[in-house]
Visitor: 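Let me give you the structure first, and then I'll get to my questions.
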Amino acid sequence: MGFFHQAFVITVKDLRAELRTKEAVNSSFAFALVILLLFSFAFDSFEETTQQMAGGLLWIVFAFAGTLILNRSFARELPNDCLDALIAAPISGAALFLGKAIANFVLVMAVELISLPVFGIFSNVHWTRQFPELMLVLVLGSWGMTIIGTIFSALTVNIRLREVMLPMLTYPILIPPLMGAMQLTSGLVAGTPIAPDTVVWLKVLIGFDVVYTAVSLFLVETVLVG
Amino acid sequence: MRDKIMYGLGALAILILINDIIHIMGLPDEVNQGAIFKIIFFHVPVAITALTAAAVALIASVLFLVTRNFFYDALAVAVTEVGLAFLAANLVTGSLWGRVIWGVYWAWDARLTSALVCWLLYAGYLMLRHAIEEPTQRATFAAVFSIFAFIDVPIVIFSIKWWRTQHPQPVFWGGGSFPSDWLPYFLWNMLAMLLIGAVLTMTRLRQEESQRELDYLRRLAHSM
């Protein structure tokens, strides 16, 4: 079995396990709804300033809701010592990690794509005007979030205060991609396409994704095996 | 011997600092900003010391992962703690300057924000260490996190710079005008801060090594 086939097997396994219980996706989406509801009390959706903040608000929802999914990623393997079995399996740590990251990415994207229309209705935002570019930003931002979330999920799986530690460690590292995604999304949901002065944020997103994917794949063996 | 070098360097650093403060107090006020401008003699050296500490922490972390020698782990934690203290000093001096010149302690300016993000990153490093009991796992995970944090530093700095800036442009490179006859005092302060950072790191390192020895002896006593 090649490297990518191994990763694919792990992805399918994780997605199948999640689809049987749906616990991470359901709780994550419910949480996203609650935050969206709270935002509607905090900000008047008919004011122009709220429209300008749309991207920022949206990514706060994604970051909070995404953490719930990422927290479960390795924690799910703790009962019955599944994690030890996975580490002992004849596949590399990098393949295991990549498989899990892709599964998390699919789940995070699913929650985001369901939350997006809900956000549009609640906040009175016509978010479909720059649809392809918005999807590109969503994919790049979510991949950055997933890759950092997955490696730190592996890092924090066995430690005390796991649920608190993951967001405390990931959010500061995620500030550059979140900032870029917020800037781009605010413009795109307002209907303005990516212009030469905002394209730098696209570069930040791509650069962050490439660098951290490479570093994570390189270091994950150390994290898993010790 | 190591203690003597440590105390000697510490005494030297304090002497340089006192001598420098006396000279800086004698300098005339800056035309536009007044006396508060002189905070730059401390603000910039502590920032550079903090950045040096982050680089040393990275090197120590990589060396730990390669050699598995716990000395490097002790060095990484010592230098990260000292770096955090220096970065905090940088944030405080920057806030004081901002209160006088901008009228507010905190403006969400590029460099202030990136310094705060870096502070939070490395505070996360210490929190992670506290959460892990097992020494080998703690050292490994902390080293991995330190590498992740260090890679993020330039990305944070540049992306926040593109985001917004109202921090004065660098006085030393890039169009600034720092009086050339003030430069020696600045460089002496730079040296003093680096020395203080080194001495504090050495002190903390020794404490960390003693702690490890105590833990080892305790385990030995339990196994008897």
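Residue numbers start from 1 in every chain, and the chains themselves are labelled A, B, ... in the order their sequence lines are given, proteins ahead of strands.
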Visitor: Give a yes or no on whether A:Met168 atom CE has more than 12 heavy-atom contacts from other residues, nucleotides or ligands under 6.0 Å away.
Guide: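 Counting neighbours around CE of A:Met168, 12 or fewer heavy atoms of other residues, nucleotides or ligands fall under 6.0 Å, so no.
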
Visitor: Given heavy-atom pairs under 4.5 angstrom as the criterion, report whether the side chain, backbone, both or neither of A:Leu169 touches chain B.
Guide: both

Visitor: Among A:Leu161, A:Ile159, A:Val215, single out the residue with the greatest number of heavy-atom pairs under 4.5 Å to chain B.
Guide: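 With the most close heavy-atom pairs to chain B, the winner is A:Ile159.
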
Visitor: Go through A:Leu219, A:Ile175, A:Ile151 and name the one with the most non-hydrogen pairs under 4.5 angstrom from chain B.
Guide: A:Leu219

Visitor: State, with a plain yes or no, whether a side-chain heavy atom of B:Gln137 is found less than 4.5 Å away from one of A:Asn158.
Guide: yes

Visitor: Of all the heavy-atom pairs spanning A:Thr222 and B:Arg68, show the shortest one and how long it is.
Guide: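 Between these two residues, the closest heavy atoms are CG2-NH2, 3.5 Å.
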
Visitor: What part of B:Glu133 gets closer than 4.5 Å to chain A, counting heavy atoms only: side chain, backbone, both or neither?
Guide: side chain

Visitor: Below 30° counts as parallel, above 60° as perpendicular, anything between as tilted: where do the rings of A:Phe152 and B:Phe145 land?
Guide: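 Tilted.
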
Visitor: Sequence neighbours left out, what passes ring-ring contact (aromatic ring centres under 6.0 Å, His included) with A:Trp201? Give chain and number order.
Guide: none

Visitor: To the closest 0.5 Å, what do you measure between CD1 (B:Ile155) and CE (A:Met179)?
Guide: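 Rounded to the nearest 0.5 Å, the CD1-CE separation comes out at 11.0 Å.
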
Visitor: Using heavy-atom distances under 4.5 Å, tell me whether B:Leu116 contacts chain A through its side chain, its backbone, both, or neither.
Guide: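 Interface part for B:Leu116: neither.
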
Visitor: Looking at side-chain heavy atoms only, is the closest gap between B:Phe148 and A:Ser216 below 4.5 Å?
Guide: yes

Visitor: May I ask you to name which of A:Gly180, A:Pro177, A:Gly207, A:Pro172 has the most heavy-atom pairs under 4.5 Å with chain B?
Guide: A:Pro172

